[in-house]
Amino acid sequence: MHDQYEPAAVEAEAQQYWEGAGTFRAVEDPARPKYYCLSMFPYPSGRLHMGHVRNYTIGDVISRFMRMQGRNVLQPMGWDAFGLPAENAAMANGVPPARWTYDNIATMKRQLKALGFGLDWSREVTTCRPDYYRWNQWLFLRMLEKGIAYQKTGTVNWDPVDQTVLANEQVIDGRGWRTGALIEKREIPMYYLGITRYAEELLGALEGLDGWPERVRTMQANWIGRSEGVTIAFPYELDGARHTLKVFTTRADTLFGATFVAVAAEHPLATRAAAGDPALAAFVDECKRGSVMEADLATLEKRGMPTGFSVTHPLTGARVPVWVGNYVLMGYGEGAVMGVPGHDERDFAFARKYGLPIVQVIDVDGRPYSAAAWQPWYADHGRCIGSGRYDGLDYEAAVHAIAADLAARGLGALQVQWRLRDWGISRQRYWGCPIPLIHCAACGTVPVPDRDLPVVLPEDLVPDGSGNPLARLKAFVECACPACGKPARRETDTMDTFVDSSWYFLRYASPGSDAAMVDERVRYWLPADQYIGGIEHAILHLLYSRFWTRVMRDLGLVSISEPFQNLLTQGMVRNGIYFRKPASGRVVYYNPADVEVLTDARGQPTGARLKADGQPVESGGIGTMSKSKNNGVDPQAFIDRYGADTARLFMMFAAPPDLSLDWSDEGAEGASRFLKRLWKTVHAHLASGARAPLDAAALGAADRALRRIAHQTLAKVSDDYGRRRTFNTAIAAVMELLNAVRDHDAATPVARAVVHEALEFAVLMLSPVVPHVAHALWRELGHERAVVDEAWPASDPAALVQDTVELVVQVNGKVRSRITVPVDAAEEAVRAAALADPTVQRFVGSQAVRKVIVVKGKLVSVVAG
RNA sequence: GCGAAAGUGGCGGAACUGGUAGACGCGCUGGAUUUAGGUUCCAGUGGGGCGACCCGUGAGGGUUCGAGUCCCUCCUUUCGCACCA
């Protein structure tokens, strides 16, 4: 028996046991109810960070809890192994992305094992391996056949110096991150997946996802963005031919107030006008500069220039000028919007700036309208005025009447519009899944035949920042056309890494399947019962996965539509930020581990200084752990010092899973202290003497009270793990139970029997969080079977019974006294007891008692006066 | 800019269905043990007041016998915005 808790030995032993027994190998068994617990797979960035530890601990706690509930648990793991950081590392170190990635995977796998997660490694998925990504390619070809995948142009960030396409994160303040060159928008051909075909279904099905957080569902619904409106065509003549400029609006009722139309800089009309107007050409060029990020575009100052063209108002026949606006997106709708300054705030500002007419065409309760200053109510729905025969109509009626009249003239129609855009998957990058297409001068674009899949990505290239090295590799590019056999060029764009992560959770259920993308085992495991990952994936990854699953469903590959039944979005892990800003200018960040925080007598922080030189450093508050702020805590160093159980315990105890978690060395120390205390408590109990068999009927009051606490705690912890998923309150409850054990007089064999049961419960309840300690202590408590294989105990209803209950008594809303009454006391008796209480009488005084509210088991509220 | 959420002691948080605000832990204070530091153990700890009591959940208003919880306005912070993953 070890009196000292030694995490390293305890953890090695437990992990060896699980490994040897094959504890976490998941086997399909139709006779048992399955539980598929899925955590978002990591990008192999080098080493695990605290966010991973938090994410996977949550998954492991749920997995182990469900296992004890008798479920056949699958908890797999894999690697989101394609992506930009590998190319950046390659540029910095000259190492091929493949080697860097595989090395990182080896390191991180070792770290995951050290944390004791119950993972089934036989199902490991690595997305940069051909046996995985061949199925990306295969499904892409099926989508191409069905027309779901198609080609059109898309806008990218172009670095004119490096002659390369940049990711949004590589554009800083409109300039290339390496070259500092001003970035231009460029239109290039790309492949798209028609996610908008599924918009209606993806939106409608959100309602059934009641295991998802409401906020994620709301964000997705807003992202998909269904809006009903009217497409309106503004006719014009150009070079003797008739054309129309199409816009979409949800406010067709304001059509009579349209005093201009704005088009995107890339719009053909803008290009045409710019050809004869150097000033406009310069403006169009300026609009094309900068990044393609929507957040950047949205915060731009709205600017515009007239094209000199005008179009005809479809109802009034008036001439409406066409402007180029820097805020109009070519990729959204037809690249044109109508401007109604009278009733749209942005158009109002635009019109004021450029002296365009502002006309009121909607009346709201007869309120006085002034074009001098914008009022929020201008955008409200109301009744049409100044709109000819539509005057007096309300919003609904006006929109329908105007749409009908436009339709009669062939100049418009009611339309449902989606904010969601089709998914552009082409990336002009090396470290990704090759798009399986061949370009032939004679046959055009030809799909790679299935028999030639996968198109294997060579793993020995090293990108240098100037374009895709694949495009320069003759052995890859040069090929024969599958249709005519003549020399042809292979496509060198690769797929968005969101493709890889859109179905990995299906592949976990079909390990080793090389004849098909997935096999019949997905029917057993899917959908995932629980998905756990960062809130930052609330929209894109989850939406793409829902889409991809539906595409596979429509191809008959799976029978489900929704891949994730329950979703838990975990918060960020944060830490203090400390820095110095030397006169030279560049800020230096110091890791919190190297900083000493100074406090006053009350413990309030007064300052901070660097341990190394004792000189002060500035505090930058608290922020998400990141390399750039140098405020990360390395899990490995922590585990080496305190053990995996302490890391897991602190992570689960410090905050509920969906809130951000602030790292605290002292808090982690507290977690370690608790485990030591648990260890010592169990050993002290075992050494304390003989215990009697537990006879619930023969217990004294104190023993009965402790037993009640133990069973109450069990009920609470079961609910916290299973329903509420608040691991912090579950752990707090077990701490309270142990405090009660500490305060319990265990001098008799009977009392020790009660303590024994309480400690067994504590070990069982903590085992999902700190499985290694629990493994060791469970053996010490005299059990043959490993705690991981034990069933979750049931709490005894008889142990929960209480004779009396304490109620709070309020007088006029303030707590004034407490009374103790029998649990089954009638309301009338409780009321009488409350009014008879001397303190209550003192506060009621001479006032009349007007009302007495009795809330059973909680309180009595006396209203006097 | 748009969309979504969160603000409670010195700190992380608890209060689950509108019903005792501050569970549990950290920190701090005092004490015991220790040669000392650390560890460990015991007690105290929202603010004010000698006290009876009063005040307190980002700010301001409202509903209610009763509001951290519901409603309205505002402020701050965090996440997402389609090529970071």
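Fair warning: this is a prediction, and the values are worked out from it, not measured in the lab. Each chain gets a letter, A, B and so on, in the order the sequences are listed, and its residues count up from 1.
Remark: Arg742(A) is in phosphate contact with C42(B), judged by side-chain N or O atoms under 4.0 Å from OP1 or OP2. Within the 4.0 Å cut-off from OP1 or OP2 of A15(B), at least one side-chain nitrogen or oxygen of Arg724(A) is found. A sub-4.0 Å separation between OP1 or OP2 of A85(B) and a side-chain N or O of Thr497(A) is present. OP1 or OP2 of A23(B) has not a single side-chain nitrogen or oxygen of Thr729(A) nearer than 4.0 Å. Side-chain nitrogen and oxygen atoms of Asn739(A) include at least one within less than 4.0 Å of the OP1 or OP2 phosphate oxygen of G25(B). In this model, the phosphate group of C2(B) is not approached by any side-chain N or O of Asn222(A) to a distance below 4.0 Å at OP1 or OP2. At the phosphate of C2(B), neither OP1 nor OP2 sits under 4.0 Å from any side-chain N or O atom of Arg346(A). Considering only side-chain N and O atoms, Arg725(A) lies nowhere under 4.0 angstrom from the phosphate OP1 or OP2 of C16(B).
Between Val863(A) and Asn812(A), the closest heavy-atom pair is CA-OD1, 3.6 Å.
Nucleic acid contact for Phe498(A): base, since at least one base atom lies under 4.0 Å from a heavy atom of the residue. Among the heavy atoms of the strands lying under 4.0 Å from Leu859(A) is at least one base atom, whether or not backbone atoms are also near. Heavy atoms of Thr299(A) sit under 4.0 angstrom from at least one base atom. If you check every strand for non-hydrogen atoms under 4.0 Å, Ser426(A) touches a base. At the heavy-atom level, Gln428(A) lies under 4.0 Å from base atoms of the strands shown.
One interatomic measurement links the two molecules: CE of Met190(A) to C1' of A82(B), which rounds to 10 Å at whole-angstrom precision. Put simply, CD on Glu536(A) is 10 Å from P on C81(B), counting in whole angstrom units. When the P atom of A85(B) is taken as reference, atom CZ of Arg427(A) falls 8 Å away, rounded to whole Å. The separation between Tyr504(A) atom OH and A85(B) atom C1' is 12 Å, rounded to whole Å. As rounded to whole Å, 14 Å separates atom C1' of A23(B) from atom CG of Leu737(A). Rounded to an integer number of Å, the gap from CE of Met572(A) to P of U77(B) is 18 Å. Whole-Å rounding puts the Phe650(A) CZ to G27(B) P distance at 12 Å. Rounding to whole angstrom units, CG of residue Leu661(A) and P of A6(B) are separated by 18 Å.
Secondary-structure stems of RNA chain B, taken as three or more successive Watson-Crick or G-U wobble pairs (i with j, i+1 with j-1) under a 3.5 Å distance threshold, comprise B:1-7 with B:75-81, B:10-12 with B:24-26, B:27-32 with B:40-45, B:46-48 with B:53-55, B:58-62 with B:70-74.
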Which pairs would a plain distance check flag for residues 568-578 of chain A, meaning a side-chain donor or acceptor within less than 3.5 Å of a matching protein atom at least two apart in sequence or in another chain?
| from | atom 1 | to | atom 2 | distance (Å) |
| --- | --- | --- | --- | --- |
| Gln570(A) | NE2 | Gly51(A) | O | 3.2 |
| Arg574(A) | NE | Asp662(A) | OD1 | 2.9 |
| Arg574(A) | NH2 | Asp662(A) | OD1 | 3.3 |
| Asn575(A) | ND2 | Asn631(A) | O | 3.1 |

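Nucleotides of RNA chain B nearest to Arg677(A) and Glu666(A) differ in position, and the one nearer the 5' end is that of Glu666(A). Both Trp223(A) and Pro656(A) lie close to RNA chain B; mapped to their nearest nucleotides by heavy-atom distance, the more 5′-ward contact belongs to Pro656(A).
Using modelled atom types, one side-chain atom of Arg217(A) and one backbone atom of Leu206(A) make a donor-acceptor pair closer than 3.5 Å. A donor-acceptor distance shorter than 3.5 angstrom exists from the side chain of Tyr56(A) to the backbone of Met40(A), with no hydrogens or angles considered.
In terms of polar N and O atoms assigned as donor or acceptor, the side chain of Arg818(A) comes within less than 3.5 Å of the base of U20(B) in a complementary pairing. The base of C65(B) has none of its N or O atoms less than 3.5 Å from a complementary donor or acceptor on the side chain of Arg850(A).
One finds the CZ atom of Phe498(A) at 8.0 Å from the NE2 atom of His541(A) (value rounded to the nearest 0.5 Å). The distance from atom CD of Gln220(A) to atom CG of Leu202(A), rounded to the nearest 0.5 Å, is 8.0 Å.
For residues 853-865 of chain A, no residue pair satisfies the side-chain hydrogen bond (donor to acceptor under 3.5 Å, both in side chains) rule, not counting sequence neighbours.
Test Tyr192(A), Tyr191(A), Tyr544(A) against Trp423(A) for ring pair (Phe, Tyr, Trp, His ring centres under 6.0 Å) and you get one pass: Tyr544(A).
Shown for residues 807-816 of chain A: residues whose heavy atoms fall under 4.0 angstrom of RNA chain B, namely Val808(A), Gln810(A), Lys814(A), Val815(A), Arg816(A).
Every residue two or more places apart in sequence or in another chain was checked for a ring-ring contact (aromatic ring centres under 6.0 Å, His included) with Phe653(A), and none qualifies. The ring-ring contact (aromatic ring centres under 6.0 Å, His included) check on Tyr430(A) picks up nothing, with sequence neighbours excluded.
Using a cut-off of 4.0 Å between Lys/Arg side-chain N and Asp/Glu carboxylate O, Arg175(A) and Asp173(A) are scored as not salt-bridged.
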